[in-house]
K.L.:
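I am attaching a structure below and will ask some questions about it afterwards.
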Amino acid sequence: MSNNQPLPASVQHLIVGAGFAGLCAAIKLQEDGETDFLVVEKGSDVGGTWRDNTYPGAACDVPSQLYSFSFAPNPDWTSSYSPQPEIQAYIKKVAERSNVLDRFVFDTAAEEAAWDEKTAQWVVRTSGGTVRARTLIVGAGGLSEPKLPEIEGIGDFRGELFHSARWNHDIDLTGKRVAVIGTGASSIQIVPELQKVAGHVDVYQRTAPYVVPRNDRTYTRVERALFRRLPALQKAYRTGIYWGKELLVPGFTVNPKLALPAKKLALANLKRGISDPELRRRVTPTFEIGCKRILISNSYYPALASDNVDLVTDPIAKITGDAVVTADGVERPIDILVVATGFYTTELPIAEKVRGRNGASLADTWREAGMAAYKGTTVHGFPNLFMIVGPNTGLGHSSMVFIIESQVQYIRDAIRTMGLNRYETVEPTAEAQQGWNASLQRRMQRTVWNTGGCSSWYLDAHGKNTVLWPRTTFNFRRSLSEFDIAAYDVQAPDTTANPTREEVTA
């Protein structure tokens with residue numbers, strides 16, 4: 001759909017976001033014959049995270065064969081871990097081949113979504129007009145809104161400042177003095193690239209991460225040809241990678257000692273990359289592996305050990321017009337400040353914009369006890385709302401595309417169930433949602449994310465992990481394999497019907 005054309009007054013299904021989640025939902029709805037849908041995207045193209053994160057060295061830390069749609073295999077991946085441009089090109093190709101782009105509207109932000117009780121519709125105000133929809137499918141993602149650190153004076157910095165997810169490619173980094181705040185997944189990809197061109201790089205570390213080797217390799221021409229001609233071979237290859245990743249789960253969710261091989265691998269990687277004993281000590285993690293996201297890189301430690309890179313572990317006190325000042329009083333002059341401090345993961349910005357049955361927003365509903373949903377997908381008080389990558393659906397070991405496909409399957413079955421039974425609305429009961437989340441949090445107590453001795457972006461202001469899924473991904477898929485109507489209150493057009501309810505737990 002052209003962005004110059006007015007939006008339709010109403011559609012059956014409105015999808016917010018055109019990343020992996022929104023695209024998957026659109027493709028699968030079309031397969032089911034649900035063609036009356038619209039996808040609104042604030043950006044100018046599909047891709048989401050992979051459209052926005054274009055920083056130097058940007059690449060996926062999940063193998064390419066697994067970090068892709070199961071229904072759209074790509075035999076042409078050039079390496080086992082794909083760089084950002086290749087992933088973005090893949091997403092665009094899948095979108096074009098699926099013939100759904102005529103119902104995508106870009107450069108159009110969803111500004112507010114409110115449930116209309118009288119018409120049993122979502123009224124969604126966008127920057128391009130207002131649309132009414134029977135169902136609202138939110139695929140905005142948890143890594144979509146960059147988070148800037150709250151540091152005194154950061155607004156006074158006169159040099160170039162940008163977040164890793166909003167990289168300014170117009171700035172020439174050659175010979176410049178650069179500061180990088182953060183040592184997470186983006187930072188360890190950025191720092192080695194900056195080290196090659198910058199005059200000097202200061203890396204500000206609050207907590208040292210575990211970094212395991214990146215066992216990347218280029219696929220040969222023969223391998224790509226075999227994948228192209230023998231799809232079953234590529235599927236088997238993908239399956240092997242999947243189960244290899246699942247073997248990591250017990251070390252996260254049952255007993256951290258089971259992750260000892262991974263810990264030894266990370267420490268060996270550190271020893272190999274850094275010879276200086278003092279620097280090695282400062283980058284040695286002090287918590288259990290897996291408590292924070294495990295990172296992968298072969299070049300990060302050698303970059304830190306380079307002559308033109310300094311690791312700074314003293315807390316930042318303030319930022320001046322041209323320098324970073326640490327708590328020990330040292331002032332380090334810089335030209336460019338790169339902020340690699342992550343995203344709003346436990347306080348999703350989209351939650352402020354979605355208002356349910358009683359007029360309260362998702363953010364209001366979650367403010368006291370933290371994010372919570374039923375099966376990470378539906379929320380009590382918000383009829384016909386479906387979230388993709390909602391609360392407690394994140395992973396610390398495998399591909400989020402697997403989770404996305406699982407949730408989309410659940411949503412498809414929900415929409416089929418609504419159509420077959422002529423239900424106007426479906427909404428999880430409070431009992432079902434409470435039971436699901438109580439079970440999740442009980443399981444969460446024994447995980448390394450809660451017991452591993454670190455603070456991470458997995459935990460909200462209450463210390464509760466509302467981001468990650470604490471079981472295997474195949475368990476998640478099984479739990480969402482079909483729409484469990486007994487866990488929902490439903491409403492038909494002419495009467496209110498409450499099927500037998502039962503408390504459904506994880």
K.L.:
Any heavy-atom pair between the side chains of Thr207 and Thr183 that's under 4.5 Å?
P.N.:
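No, too far: nothing below the 4.5 Å cut-off.
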
K.L.:
When you compare the side chains of Ser44 and Asp107, does any donor N or O come within less than 3.5 Å of an acceptor on the partner?
P.N.:
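On atom types as modelled, these side chains do not qualify, holding no pair under 3.5 Å.
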
K.L.:
State, without any angle test, whether Asn215 and Tyr81 hold a side-chain donor-acceptor pair at a distance under 3.5 Å.
P.N.:
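Looking only at side-chain atoms, Tyr81 and Asn215 do not form any donor-acceptor pair under 3.5 Å.
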
K.L.:
Would you name the heavy atoms of Leu480 and Gln409 that are closest together and state the gap between them?
P.N.:
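Looking at all heavy atoms of both residues, the shortest contact is O-CG, 4.3 Å.
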
K.L.:
Flag the pair Glu223 and Arg217 as a salt bridge only when some basic side-chain nitrogen lies within less than 4.0 angstrom of an acidic carboxylate oxygen.
P.N.:
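Yes, charged N to carboxylate O under 4.0 Å.
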
K.L.:
Rounded at 0.5 Å granularity, tell me how far CG in Asn392 sits from CD in Gln441.
P.N.:
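Reported to 0.5 Å precision, the distance equals 5.5 Å.
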
K.L.:
Could you tell me the separation between the CG atom of Leu304 and the CD atom of Gln205, rounded to the nearest 0.5 Å?
P.N.:
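Between atom CG of Leu304 and atom CD of Gln205 there are 8.0 Å.
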
K.L.:
Please determine if Lys28 and Glu31 form a salt bridge, counting it only when a charged side-chain N lies under 4.0 Å from a carboxylate O.
P.N.:
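Yes, charged N to carboxylate O under 4.0 Å.
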
K.L.:
Backbone N or O of Ile411 within a donor-acceptor pair of the Thr377 side chain at under 3.5 Å?
P.N.:
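No, Thr377 side chain to Ile411 backbone: no donor-acceptor pair under 3.5 Å.
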
K.L.:
State yes or no: are the ring centers of Tyr219 and Trp77 separated by less than 6.0 Å?
P.N.:
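Distance test on ring centres: not under 6.0 Å, no.
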
K.L.:
Do Asp310 and Tyr204 have side-chain N/O donor and acceptor atoms under 3.5 Å apart?
P.N.:
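Side chains of Asp310 and Tyr204: no pair found under 3.5 Å.
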
K.L.:
When you look at Ser82 and Tyr90, which way does the side chain to side chain contact (heavy atoms under 4.5 Å, CB included) test go after all the steps?
P.N.:
CA-CA 10 Å; Ser82 299; Tyr90 165 78; over 6 Å; no

K.L.:
Does Asp216 use its side chain to pair, donor to acceptor, with the backbone of Ser80 at less than 3.5 Å?
P.N.:
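Judged by distance alone, yes, a pair lies under 3.5 Å.
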
K.L.:
Can you check salt bridge (charged side-chain N to carboxylate O under 4.0 Å, His left out) on Asp32 and Arg412, steps first, answer last?
P.N.:
CA-CA 8 Å; Asp32 291 344; Arg412 294 168 70 188; 2.8 Å; yes

K.L.:
Are any side-chain N or O atoms of Asp484 and backbone N or O atoms of Ala486, one a donor and one an acceptor, separated by less than 3.5 Å?
P.N.:
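Answer holds: no.
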
K.L.:
Check the side chains of Glu246 and His397 for a donor-acceptor pair under 3.5 angstrom, ignoring hydrogens and angles.
P.N.:
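Indeed, the side chains of His397 and Glu246 share at least one donor-acceptor pair under 3.5 Å.
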
K.L.:
Would you say the ring centers of Phe227 and Tyr237 fall short of 6.0 Å from each other?
P.N.:
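Centroid distance Phe227-Tyr237: below 6.0 Å, so yes.
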
K.L.:
Looking only at side-chain N and O atoms, does Thr473 offer a donor or acceptor that is under 3.5 Å from a partner on Tyr242?
P.N.:
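Per modelled atom types, Tyr242 and Thr473 side chains form a pair under 3.5 Å.
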
K.L.:
Does the side chain of Arg214 reach to within under 4.5 Å of the side chain of Gln189, using non-hydrogen atoms?
P.N.:
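A side-chain contact under 4.5 Å exists here.
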
K.L.:
Nearest 0.5 Å, please: how far is OG1 in Thr393 from CD1 in Ile404?
P.N.:
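Reported to 0.5 Å precision, the distance equals 8.5 Å.
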
K.L.:
On a heavy-atom basis, which atom in Gly47 and which in Gln88 lie closest, and how many Å separate them?
P.N.:
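What the structure gives for the nearest pair is CA-OE1, 3.2 Å.
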
K.L.:
Of all heavy-atom pairs between Ser79 and Pro83, which one has the smallest distance, and what is that distance?
P.N.:
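Of all heavy-atom pairs spanning Ser79 and Pro83, the closest is OG-CD, 4.4 Å.
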
K.L.:
Side chains of Thr313 and Val283: does their closest heavy-atom pair fall under 4.5 Å?
P.N.:
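Thr313 does not reach Val283 side chain to side chain.
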
K.L.:
When you look at CZ of Arg206, are more than 12 heavy atoms from neighbouring residues, nucleotides or ligands closer to it than 6.0 Å?
P.N.:
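Open.
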
K.L.:
What are the two closest heavy atoms between Asn308 and Ala198, and how far apart are they?
P.N.:
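For Asn308 and Ala198, the tightest heavy-atom pair comes out as ND2-O, 3.3 Å.
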
K.L.:
Return yes if some donor-acceptor pair links the side-chain N/O of Gln12 with the main-chain N/O of Ala133 below 3.5 Å, else return no.
P.N.:
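No, because the side chain of Gln12 does not come within donor-acceptor range (under 3.5 Å) of the backbone of Ala133.
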
K.L.:
Is there a side-chain contact between Arg446 and Thr451 (heavy atoms, below 4.5 Å)?
P.N.:
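They are not in side-chain contact.
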
K.L.:
Are the aromatic ring centres of Trp469 and Phe252 under 6.0 angstrom apart?
P.N.:
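No: the rings miss the under 6.0 Å criterion.
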
K.L.:
Please report the interatomic distance CZ(Arg282) to CG(Asp276), rounded to the nearest 0.5 Å.
P.N.:
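So the CZ of Arg282 and the CG of Asp276 are separated by 8.5 Å.
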
K.L.:
To the nearest 0.5 Å, tell me how far Ile15 CD1 sits from Phe386 CZ.
P.N.:
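The CD1 atom of Ile15 sits 12.0 Å away from the CZ atom of Phe386.
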
K.L.:
Please name the pair of heavy atoms, one in Ala25 and one in Ile137, separated by the smallest distance, quoted to 0.1 Å.
P.N.:
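In terms of heavy atoms, the two residues are closest at CB-CG2, 4.4 Å.
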
K.L.:
Please determine whether side chain to side chain contact (heavy atoms under 4.5 Å, CB included) holds for the pair Val39 and Val105, giving the CA-CA distance in whole Å, both sets of side-chain angles, and the decisive distance to 0.1 Å.
P.N.:
CA-CA 6 Å; Val39 181; Val105 182; over 6 Å; no

K.L.:
State whether the side chain of His380 and the backbone N or O of Gln434 hold a donor-acceptor pair below 3.5 Å, judged by distance alone.
P.N.:
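Not a single qualifying donor-acceptor pair exists.
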
K.L.:
Give me the one residue out of Gln234, Arg238, Lys235 that meets side-chain hydrogen bond (donor to acceptor under 3.5 Å, both in side chains) with Gln65.
P.N.:
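Single pass found, and it is Gln234.
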
K.L.:
Return the minimal non-hydrogen interatomic distance between Glu86 and Asp76, and the atom names on each side.
P.N.:
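Closest approach of Glu86 to Asp76: OE2-O, 3.9 Å.
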
K.L.:
For Arg103, is there an ion pair with Asp36 - N to carboxylate O distance below 4.0 angstrom?
P.N.:
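Arg103 and Asp36: not salt-bridged.
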
K.L.:
Spell out, as yes or no, whether a donor-acceptor pair under 3.5 Å connects the side chain of Trp449 to the backbone of Leu468.
P.N.:
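Pair absent, no side-chain N/O of Trp449 close to backbone of Leu468.
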
K.L.:
Quick check for you: to the nearest 0.5 Å, what is the distance between Leu38 atom CG and Thr108 atom OG1?
P.N.:
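Leu38 CG to Thr108 OG1: 8.5 Å, rounded to 0.5 Å.
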
K.L.:
Under 3.5 Å, side chain of Asn437 to main-chain N/O of Ala373, donor-acceptor pair present?
P.N.:
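Yes, because the side chain of Asn437 sits within donor-acceptor range (under 3.5 Å) of the backbone of Ala373.
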
K.L.:
Backbone N or O of Leu311 within a donor-acceptor pair of the Asp202 side chain at under 3.5 Å?
P.N.:
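Not a single qualifying donor-acceptor pair exists.
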
K.L.:
As a quick check of understanding, evaluate side chain to side chain contact (heavy atoms under 4.5 Å, CB included) for Ile415 and Leu29, giving each step before the final call.
P.N.:
CA-CA 9 Å; Ile415 290 172; Leu29 284 180; 3.6 Å; yes

K.L.:
With a 4.5 Å cut-off on side-chain heavy atoms, are Glu405 and Phe69 touching?
P.N.:
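In short, these two side chains touch, coming nearer than 4.5 Å.
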
K.L.:
So does Arg51 pair up with Asp45, basic N to acidic O under 4.0 Å?
P.N.:
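Not counted as a salt bridge, because no side-chain N and carboxylate O are separated by less than 4.0 Å.
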
K.L.:
Before you tell me yes or no, could you show the steps for Leu459 and Asn450 under side chain to side chain contact (heavy atoms under 4.5 Å, CB included), namely the whole-Å CA-CA distance, both residues' side-chain angles and the distance that decides it to 0.1 Å?
P.N.:
CA-CA 9 Å; Leu459 306 179; Asn450 280 46; 4.2 Å; yes

K.L.:
Is a side-chain N or O of Glu41 found less than 3.5 angstrom from the main chain of Phe104, in a donor-acceptor match?
P.N.:
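Not a single qualifying donor-acceptor pair exists.
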
K.L.:
Within the structure provided, determine whether Val62 and Leu395 are in side-chain contact (heavy-atom separation under 4.5 Å).
P.N.:
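Counting from C-beta outward, Val62 and Leu395 never come under 4.5 Å.
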
K.L.:
Within a strict 4.5 Å, meaning less than it, do heavy atoms of the Thr54 and His169 side chains meet?
P.N.:
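Yes, their side chains come closer than 4.5 Å.
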
K.L.:
Will you find, in the side chains of Asn53 and Gln84, an N or O donor that is under 3.5 Å from an N or O acceptor?
P.N.:
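Note: Asn53 and Gln84 side chains miss the donor-acceptor criterion.
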
K.L.:
Given 3.5 Å as the limit, does a donor-acceptor pair link the side chain of Lys464 with the main chain of Ala369, or not?
P.N.:
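Such a contact is found between Lys464 side chain and Ala369 backbone.
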
K.L.:
Under 3.5 Å, is there a donor-acceptor pair linking the side chains of Glu427 and Thr378?
P.N.:
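Side-chain D/A pair, Glu427 to Thr378: absent.
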
K.L.:
For Phe402, does the six-membered ring have the charged nitrogen or CZ of Arg477 within the cation-pi criterion, i.e. under 6.0 angstrom from the centroid and within 45° of the normal?
P.N.:
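Flagged: Arg477 positioned over aromatic ring of Phe402.
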
K.L.:
Quick one: is the NZ or CZ of Arg416 closer than 6.0 Å to the six-membered ring centre of Phe483, and within 45° of its axis?
P.N.:
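Verdict for Phe483: no cation-pi partner in Arg416.
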
K.L.:
Kindly state each residue pair satisfying ring-ring contact (aromatic ring centres under 6.0 Å, His included) with at least one member in residues 22-62, sequence neighbours excluded.
P.N.:
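Only Trp50-Tyr67 qualify under ring-ring contact (aromatic ring centres under 6.0 Å, His included).
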
K.L.:
Is there a side-chain contact between Leu295 and Val212 in this structure, where contact means two heavy atoms from C-beta onward sitting under 4.5 Å apart?
P.N.:
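Side chain of Leu295 against side chain of Val212, heavy atoms only: no contact under 4.5 Å found.
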
